[in-house]
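Let me begin by presenting the structure, written as structure tokens, before commenting on it.
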Amino acid sequence: MARSVQILGTGQLLELSRRLRAAGGVRLRRNTARRIRRAAEPLHRELQQAVRTMPLRAEPRRTRPGGPSPTTRPFRQMLAGGVRISVRTTSNPGARVWVDRSLIEPKARNVLNQIDNTGRLRHQVFGNRRRWVNQRAPANWWSRRVQAGTPRMRAEIERVLGDVRRDLQ
């Protein structure tokens with residue numbers, strides 16, 4: 001039995017998963033998955049809020065009339081809805097906060113990566129292939145928030161694993 005609850009890789013979570021299956025604890029496994037999900041939810045909410053409030057600054061506009069938005073949903077709300085959370089307790093266990101591209105409109109599927117990597121979103125103006133604009137945002141916004149939220153999430157998961165370990169003893 002492991003004495004330490006440090007998460008150095010997935011080895012400890014795999015061992016815990018095997019023990020849960022051996023103990024026949026469906027209730028215990030569901031409880032563990034629910035608590036791991038709760039540990040990841042603050043980071044999930046923080047990333048969604050960051051997408052909704054991301055300062056996308058446009059270059060100065062020329063005085064031309066605008067037009068209707070080509071998308072069916074508000075842009076930032078659509079991007080925030082693509083940020084998902086998933087928990088696995090079987091192979092490759094743990095919590096994952098990720099972007100589900102199938103929930104984002106096809107033309108905008110790479111927007112979050114583009115902004116995170118370069119801090120710039122280059123796009124056509126209302127589908128006009130001859131008119132392109134740049135919008136600026138803080139680079140590495142996703143990476144910085146994940147790095148800031150990981151210690152809190154890791155500490156909570158260590159606490160959950162400690163509780164489960166005590167239940168299995």
List for me each residue that meets side-chain hydrogen bond (donor to acceptor under 3.5 Å, both in side chains) alongside [X], sequence neighbours excluded, and say none if there are none.
X: Glu156; result: Arg159
X: Thr118; result: none
X: Arg37; result: none

Shortest non-hydrogen contact between [X] and [Y], atoms and distance:
X: Ala40; Y: Ile85; answer: CB-CD1, 3.3 Å
X: Ile104; Y: Gly82; answer: CG1-CA, 4.3 Å
X: Ala95; Y: Val87; answer: CB-CG2, 4.3 Å
X: Ala80; Y: Val51; answer: N-CG1, 3.5 Å

So, do [X] and [Y] sit near enough that their side-chain heavy atoms are less than 4.5 Å apart?
X: Arg144; Y: Pro138; value: yes
X: Met153; Y: Pro42; value: no
X: Met54; Y: Ile115; value: yes
X: Arg38; Y: Glu41; value: yes
X: Asp163; Y: Thr32; value: no
X: Trp142; Y: Val99; value: yes

As an exercise, state the distance from [atom1] of [X] to [atom2] of [Y], rounded to the nearest 0.5 Å.
X: Leu47; Y: Trp141; atom1: CG; atom2: CH2; answer: 6.0 Å
X: Asp100; Y: Arg109; atom1: CG; atom2: CZ; answer: 9.0 Å
X: Thr150; Y: Arg145; atom1: OG1; atom2: CZ; answer: 13.0 Å
X: Glu46; Y: Arg152; atom1: CD; atom2: CZ; answer: 6.0 Å

Let me see the working for Met78 and Leu103 under side-chain contact (heavy atoms from CB on, under 4.5 Å), right down to the final yes or no.
CA-CA 8 Å; Met78 173 193 57; Leu103 298 176; over 6 Å; no
Donor-acceptor check, side chain of [X] to backbone of [Y], threshold 3.5 angstrom: yes or no?
X: Arg35; Y: Val160; value: no
X: Arg84; Y: Val97; value: no
X: His44; Y: Val83; value: yes
X: Arg52; Y: Leu79; value: no

